[in-house]
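Below is one structure, written out as structure tokens; the observations come after it.
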Amino acid sequence: MTERRAILSGSTFEEQIGYARAVVLGDAIYVSGTTGFDYATMTISEDVVEQAAQCLRNIGAALAEAGSSFADVVRVRYLLPDAADFEPCWPVLRECFGEVRPAATMQVCGLADPRMRIEIEVDARRTSQS
């Protein structure tokens, strides 16, 4: 039987809503939609590029705890309330995904908190190189 393991970040949202930052199921890793909150302080920058960078730091921490890295990401989803905010984030996103080239989707939609300007979700597969 494949073992299922939850990875928690310490975000208050995980407890309040009832979800995990990531779930590991065998070699698959599913990272929840992750916003630009700094979970240590539960603060969020007003700047969309800094929010994107913090999203990636949060995701990177979850992947590392799962025994993985950005090199193992196979799918990424970008969720933004304003499509115009996406292009300014490209350079920071390219730092993590430029060599990996995961399948990707960008969707314009509302987010749970009006301070949130971007949310990123990834799926990864653990490999022996991680």
Side-chain angles (χ1 to χ4, degrees):
M1 178 174 238
T2 303
E3 182 180 336
R4 176 186 165 125
R5 178 169 60 105
I7 294 174
L8 304 176
S9 68
S11 165
T12 58
F13 298 126
E14 293 168 354
E15 180 64 30
Q16 293 168 349
I17 299 169
Y19 71 96
R21 172 63 37 221
V23 173
V24 179
L25 187 62
D27 288 338
I29 303 161
Y30 305 96
V31 181
S32 293
T34 303
T35 63
F37 272 93
D38 176 332
Y39 299 132
T41 62
M42 286 309 291
T43 59
I44 191 167
S45 172
E46 292 181 14
D47 180 72
V48 69
V49 176
E50 177 50 38
Q51 283 192 29
Q54 184 63 52
C55 288
L56 295 170
R57 287 190 291 272
N58 295 340
I59 291 167
L63 290 170
E65 188 171 335
S68 186
S69 72
F70 285 107
D72 296 321
V73 172
V74 296
R75 181 91 170 114
V76 60
R77 293 168 195 87
Y78 304 105
L79 308 169
L80 296 95
D82 184 350
D85 280 345
F86 191 46
E87 189 171 353
C89 296
W90 291 357
V92 73
L93 301 174
R94 194 169 40 250
E95 289 176 24
C96 289
F97 301 119
E99 296 295 318
V100 179
R101 306 277 177 130
T105 300
M106 188 284 262
Q107 181 177 352
V108 175
C109 62
L111 299 179
D113 182 317
R115 296 172 294 173
M116 298 171 180
R117 296 179 61 193
I118 187 169
E119 185 169 330
I120 303 172
E121 173 184 301
V122 305
D123 299 334
R125 299 288 299 203
R126 286 191 292 184
T127 65
S128 59
Q129 288 81 28
S130 295

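All figures in this text were calculated on a predicted structure; none of them were measured in a lab.
- Criterion: ILVMFWY side-chain heavy atoms under 4.5 Å apart, direct or through other members. Under it, I120 and L111 are not part of a common hydrophobic cluster.
- Within the structure, side-chain hydrogen bond (donor to acceptor under 3.5 Å, both in side chains) pairs that include any residue of residues 76-94 comprise R77-E121, R77-D123, D85-R117 (at least two apart or interchain).
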Check the pair F97 / V122 against side chain to side chain contact (heavy atoms under 4.5 Å, CB included), numbers first and verdict last.
CA-CA 11 Å; F97 301 119; V122 305; 4.1 Å; yes
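- Counting heavy-atom neighbours within 6.0 Å of E46 CD, excluding the residue itself, gives a total of 12 or less.
- Of all heavy-atom pairs between S32 and A20, the closest is OG-O, 2.6 Å.
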Mind running side chain to side chain contact (heavy atoms under 4.5 Å, CB included) on R126 and V24 for me, showing each step along the way?
CA-CA 9 Å; R126 286 191 292 184; V24 179; 3.6 Å; yes
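- Linking ILVMFWY side-chain heavy atoms closer than 4.5 Å, directly or via other members, places M116 and L80 in two distinct hydrophobic clusters.
- L8 and L25 are members of different hydrophobic clusters when ILVMFWY side chains are connected at heavy-atom separations under 4.5 Å.
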Could you walk me through whether L93 and L56 pass the side chain to side chain contact (heavy atoms under 4.5 Å, CB included) test, one step at a time?
CA-CA 8 Å; L93 301 174; L56 295 170; 4.0 Å; yes
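- D113 meets the side-chain hydrogen bond (donor to acceptor under 3.5 Å, both in side chains) test with R115; sequence neighbours excluded.
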Evaluate side chain to side chain contact (heavy atoms under 4.5 Å, CB included) for I118 paired with T35, printing each intermediate quantity in order.
CA-CA 6 Å; I118 187 169; T35 63; over 6 Å; no
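- Both F70 and M106 are assigned to one and the same hydrophobic cluster, defined by single-linkage of ILVMFWY side chains at heavy-atom distances under 4.5 Å.
- For the pair V74 and P102, the minimum side-chain heavy-atom distance is 4.5 Å or more.
- Here OG of S69 is found 13.0 Å from CD1 of I59. Values are rounded to the nearest 0.5 Å.
- I29 is listed as a side-chain neighbour of S68, based on a closest heavy-atom distance under 4.5 Å.
- Legend: side-chain hydrogen bond (donor to acceptor under 3.5 Å, both in side chains) pairs involving residues 54-66, not counting sequence neighbours, sorted by first then second residue: E50-R57, Q54-R57, Q54-N58.
- Pairs engaging residues 15-56 under the ring-ring contact (aromatic ring centres under 6.0 Å, His included) rule: F13-F37 [sequence neighbours left out].
- Between the R4 side chain and the V23 main chain, no donor and acceptor come within less than 3.5 Å of each other.
- Between the side chain of Q51 and the backbone N or O of S45 there is at least one donor-acceptor pair closer than 3.5 Å.
- Partners of T34 by side-chain hydrogen bond (donor to acceptor under 3.5 Å, both in side chains), not counting sequence neighbours, listed by chain and number: R21.
- The minimum heavy-atom distance linking A66 with R5 is given by the pair CA-NH2, 3.6 Å.
- Counting heavy atoms from C-beta on, the side chains of P81 and V108 never come closer than 4.5 Å.
- Within the structure, side-chain hydrogen bond (donor to acceptor under 3.5 Å, both in side chains) contacts touching residues 100-109 (residues at least two apart or in different chains) are R75-T105.
- Tracing side-chain contacts under 4.5 Å through hydrophobic residues (I, L, V, M, F, W, Y), one reaches V48 starting from V92; they form part of the same cluster.
- Between E119 and C55, every side-chain heavy-atom pair lies at or beyond the 4.5 Å cut-off.
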